> 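This is the structure I want to talk about, given as C-alpha cells.
Predicted model only: the values in this text are computed from it and were never measured. Nothing fancy with the numbering, it's 1 onward along the sequence. As the structure lists them, so they are numbered: ligands from 1, and atoms in each ligand from 1.
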Amino acid sequence: MSNCVFCNIVAGKIPSAKVHEDEWTLAFMDIGEVNPGHVLVAVKPHVENIYGLDDRQAAAVLQTAARVARAVKTVYSPGGLNLYQANGPAAGQTVYHFHLHIVPRHENDGMRLTWPAKNPPREQLEANAARLRAVLD
Ligand code: 5GP
Ligand code: ZN
C-alpha cells in the first residue's frame, strides 16, 4: 500500500534503523522509542492487524521477536521487557500495518500499563471459553 508508512519502510522508500530482516519480517527501531532498544517487528506484506495474519506470518513474528528480545537483553540488560501489540482504535493502534513492540523496561521508566482485573466467577469464565471454542477453526 503506497500510503502506508510501514509498507514504505519495508520497501526502503522511507529510511529506518534496521535490526533484522528475513523473508517474512522486518525489525527496526521505533522512532518514538520509550527506552533505547525499543524495536518494532513488522510483517512484510501489508496486513492491517492480527486478524489478518496467516499461520506462517504469525509464527515468523514471534520467532523474530524472541531473537530480537535476546539481543536487547544482551545489549541493554533491562530490568524487564514487555511485548506490546495494538489492534484497532480502542486498543490504541496508530499504524495500521501489523507490528509488535519489543519494549525493554527499567524501574520508574514512566511507562504505564493499567490492567483493571475484574475477577469474574468461574461459571462466567467457562461460558466465555465455550463461546470462543465454538467459533475457533
Ligand atoms: P502503534 O501505536 O500502532 O502500536 O505503534 C506505532 C508505532 O510506530 C509508534 O510507536 C511510532 O513511534 C512508530 N512509528 C510511526 N511512524 C514511524 C516511522 O516512520 N518510523 C519508525 N521507525 N517508527 C514509526
Ligand atoms: Zn502497510
Side-chain angles (χ1 to χ4, degrees):
M1 274 195 23
S2 59
N3 62 349
C4 168
V5 63
F6 287 180
C7 279
N8 282 307
I9 285 175
V10 168
K13 294 176 184 161
I14 293 177
S16 68
K18 292 182 185 174
V19 173
H20 168 85
E21 183 168 10
D22 59 43
E23 184 182 359
W24 294 105
T25 65
L26 177 68
F28 54 98
M29 306 312 293
D30 190 315
I31 203 169
E33 71 174 24
V34 169
N35 286 316
H38 181 169
V39 172
L40 301 176
V41 179
V43 288
K44 284 187 166 178
H46 183 80
V47 177
E48 278 196 12
N49 49 42
I50 196 166
Y51 311 121
L53 292 181
D54 65 28
D55 286 353
R56 192 165 43 173
Q57 293 164 344
V61 166
L62 199 58
Q63 183 172 299
T64 297
R67 292 183 64 182
V68 172
R70 288 191 288 269
V72 167
K73 182 171 184 283
T74 298
V75 172
Y76 295 102
S77 303
L81 183 145
N82 283 118
L83 299 183
Y84 173 79
Q85 200 275 313
N87 302 282
Q93 185 174 10
T94 60
V95 175
Y96 284 78
H97 177 131
F98 179 91
H99 57 281
L100 177 67
H101 294 252
I102 295 173
V103 189
R105 299 295 310 279
H106 303 280
E107 297 294 338
N108 303 313
D109 64 6
M111 185 163 162
R112 294 276 174 275
L113 292 173
T114 58
W115 192 282
K118 308 286 194 309
N119 301 309
R122 174 155 191 88
E123 309 80 66
Q124 186 60 57
L125 297 177
E126 289 294 352
N128 294 344
R131 288 185 69 188
L132 293 171
R133 283 196 303 271
V135 300
L136 270 170
D137 300 336

> Under 30°, 30 to 60°, or over 60°: which ring-plane class applies to His101 and His38, parallel, tilted or perpendicular?
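The arrangement is tilted - the two ring planes meet at 30° to 60°.
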
> Find all protein N or O atoms under 3.5 angstrom from an N or O atom of ligand 1 and list the pairs with distances, or write 'none'.
unit_1: ligand 1; atom_1: 2 (O); unit_2: Gly92; atom_2: O; d: 3.4
unit_1: ligand 1; atom_1: 2 (O); unit_2: Thr94; atom_2: N; d: 3.3
unit_1: ligand 1; atom_1: 2 (O); unit_2: Thr94; atom_2: OG1; d: 2.6
unit_1: ligand 1; atom_1: 3 (O); unit_2: Thr94; atom_2: N; d: 2.8
unit_1: ligand 1; atom_1: 3 (O); unit_2: Thr94; atom_2: OG1; d: 3.3
unit_1: ligand 1; atom_1: 3 (O); unit_2: Val95; atom_2: N; d: 3.0
unit_1: ligand 1; atom_1: 3 (O); unit_2: His99; atom_2: NE2; d: 3.0
unit_1: ligand 1; atom_1: 4 (O); unit_2: His99; atom_2: NE2; d: 3.2
unit_1: ligand 1; atom_1: 4 (O); unit_2: His101; atom_2: NE2; d: 2.9
unit_1: ligand 1; atom_1: 5 (O); unit_2: His99; atom_2: NE2; d: 3.0
unit_1: ligand 1; atom_1: 5 (O); unit_2: His101; atom_2: NE2; d: 3.1
unit_1: ligand 1; atom_1: 10 (O); unit_2: Asp30; atom_2: OD1; d: 3.2
unit_1: ligand 1; atom_1: 10 (O); unit_2: Asp30; atom_2: OD2; d: 2.5
unit_1: ligand 1; atom_1: 12 (O); unit_2: Asp30; atom_2: OD1; d: 2.5
unit_1: ligand 1; atom_1: 12 (O); unit_2: Gly32; atom_2: N; d: 3.4
unit_1: ligand 1; atom_1: 22 (N); unit_2: Met29; atom_2: O; d: 2.8
unit_1: ligand 1; atom_1: 22 (N); unit_2: Ile31; atom_2: N; d: 3.4
unit_1: ligand 1; atom_1: 23 (N); unit_2: Ile31; atom_2: N; d: 3.3

> So which of the N, O or S atoms of His46 lies nearest the Zn ion (ligand 2)?
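The nearest such atom is ND1.
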
> Give the name of the N/O/S atom in His97 that lies closest to the Zn ion (ligand 2).
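His97's closest N, O or S atom to the Zn ion (ligand 2) is named ND1.
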
> Hey, can you pull the donor-acceptor pairs under 3.5 Å for the side chains in residues 44-53, sequence neighbours left out?
unit_1: Lys44; atom_1: NZ; unit_2: Glu21; atom_2: OE2; d: 3.0
unit_1: Lys44; atom_1: NZ; unit_2: Asp22; atom_2: O; d: 2.7
unit_1: His46; atom_1: ND1; unit_2: His97; atom_2: ND1; d: 3.4
unit_1: Asn49; atom_1: OD1; unit_2: Tyr51; atom_2: N; d: 3.2

> Do Leu83 and Val103 land in one hydrophobic cluster if side-chain heavy atoms of ILVMFWY residues count as linked below 4.5 Å?
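Different clusters: Leu83 never reaches Val103 through Ile, Leu, Val, Met, Phe, Trp or Tyr contacts under 4.5 Å.
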
> Could you measure the distance from the CG atom of Asn82 to the CD1 atom of Ile102? Nearest 0.5 Å is fine.
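Interatomic distance, Asn82 CG to Ile102 CD1, rounded to 0.5 Å: 11.5 Å.
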
> Counting only heavy atoms from other residues, nucleotides and ligands, does the tally under 6.0 Å from CZ of Arg67 exceed 12?
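Result for CZ/Arg67: open.
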
> Taking atom CG of Asn108 as the centre, does the number of heavy atoms from other residues, nucleotides or ligands within less than 6.0 Å exceed 12?
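Check fails, neighbour count at 12 or below.
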
> Using side-chain heavy atoms (C-beta onward) and a distance below 4.5 Å, is His20 in contact with Thr25?
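Sidechains of Thr25 and His20: in contact.
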
